[in-house]
Amino acid sequence: MADVVSQAAPAKINLALHVTRRREDGYHDLESLIVFADIGDDLDAGLAECDSLTIGGPFAEGLGAGPTNLVMRAVAAFRERWPEVSPPGLKLHLVKNLPVASGIGGGSADAAAALRIMAELADEPVPVSDLLDLAAGLGADVPACLLSRPLVARGVGEILSPLPDFPSLHITLINPRVPVSTPDVFRRLRAHDNYPLPALPEPLTRPVQLGIWLNETRNDLQPPAIKLVPEIGIIVDELAETSGCMLSRMSGSGATVFGLFGSAGQAHDAASQMRKLHPDYWVGTAPLLGVEG
Ligand code: C5P
């Protein structure tokens, strides 16, 4: 085995998110088209006597590295489920490149990366379906992050339909550096019984097909999030005006807003414009990951 293994924790983007029902347990059923971008946190692991976590990178500040961190919870959950095949202790290091509590995966993507590392270092392969079940117990977005490829998520996020094809696209991400609490946004939702996602075109290979489909969809969490953080609405409008922007919308429960572009050049130009307008915001740009993950 190599001394250190690494897993990327790519940013998760909800291109569309419809909330269809409020459940008895307080969670919400939703339908979401989720994609991943080639930008994110990085998790490294080396073998050690016992499990430990350190955190570095631009967004490390204020993040606890103790047992409640989702990375440590994922490792502990894997050990509990598969004690016989789990590797010995792991010395983990998380490079936090993405803003925290920002609607683009964050802790869920990090937890999924930790599960992938545990599975990679396990003495025997563990069944993917069992790993997805374990992921669902850690958070609604963790199963999708485990697959890190274009997919439709239903239920609270645990029922996944990976897409067989997806157009090649680029994304610009803008975050006003205001953390958003997901439960707060759900609490401010007015309607809980919105219509489901329309059927996706098959095959889905051309950007224009996706653009037409996206125009019939929304992020139902965007209006309540804008009430909490008005900057979100301003960014959505500004990004929509940039050259070649197919769609600008908030991801997840915010506050990160994405712009979707056909080329890397357009995505970079939009990013430069947004950096000029808001030098204090976090701005990232990357290609979307394809169906091979
Ligand atoms: O499971 P996760 O930690 O991602 O969810 C955070 C919170 O967001 C939940 O406690 C719940 O209040 C809300 N939520 C929800 N419906 C979902 C996902 C999350 O109400 N489908």
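Indexing begins at 1, ligand by ligand and atom by atom, following the structure's order. All of these numbers come straight from a predicted model, not from anything done at the bench.
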Numbering the atoms of ligand 1 from 1, which are under 4.0 Å from a heavy atom of [X]?
X    : value
G26  : 20 (O)
G139 : 1 (O)
T182 : 8 (O)
L30  : 21 (N)

[X]/[Y] ion pair, N-O < 4.0 Å:
X    : Y    : answer
K96  : D110 : yes
D29  : R154 : no
D280 : R177 : no
K91  : D51  : no

Distance to 0.1 Å, residue and atom name: give those for the protein heavy atom nearest to [atom].
atom                    : result
atom 7 (C) of ligand 1  : P183 CG, 3.8 Å
atom 1 (O) of ligand 1  : A140 N, 2.9 Å
atom 10 (O) of ligand 1 : Y27 OH, 3.7 Å
atom 16 (N) of ligand 1 : H28 N, 2.9 Å
atom 13 (C) of ligand 1 : F186 CD1, 3.5 Å

Passes side-chain contact (heavy atoms from CB on, under 4.5 Å), M118 versus L90? Steps please. CA-CA 9 Å; M118 290 298 281; L90 290 185; 3.5 Å; yes
Can you confirm if the NZ or CZ of R21 lies within 45° of the ring axis of Y27 and under 6.0 Å from the centre of its six-membered ring?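 The answer is no, since R21 fails at least one limit relative to Y27.
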Is it the case that E238 and H278 place a side-chain donor and acceptor less than 3.5 Å from each other? yes
Taking only non-hydrogen atoms of S108, do any sit less than 4.0 angstrom from ligand 1? no
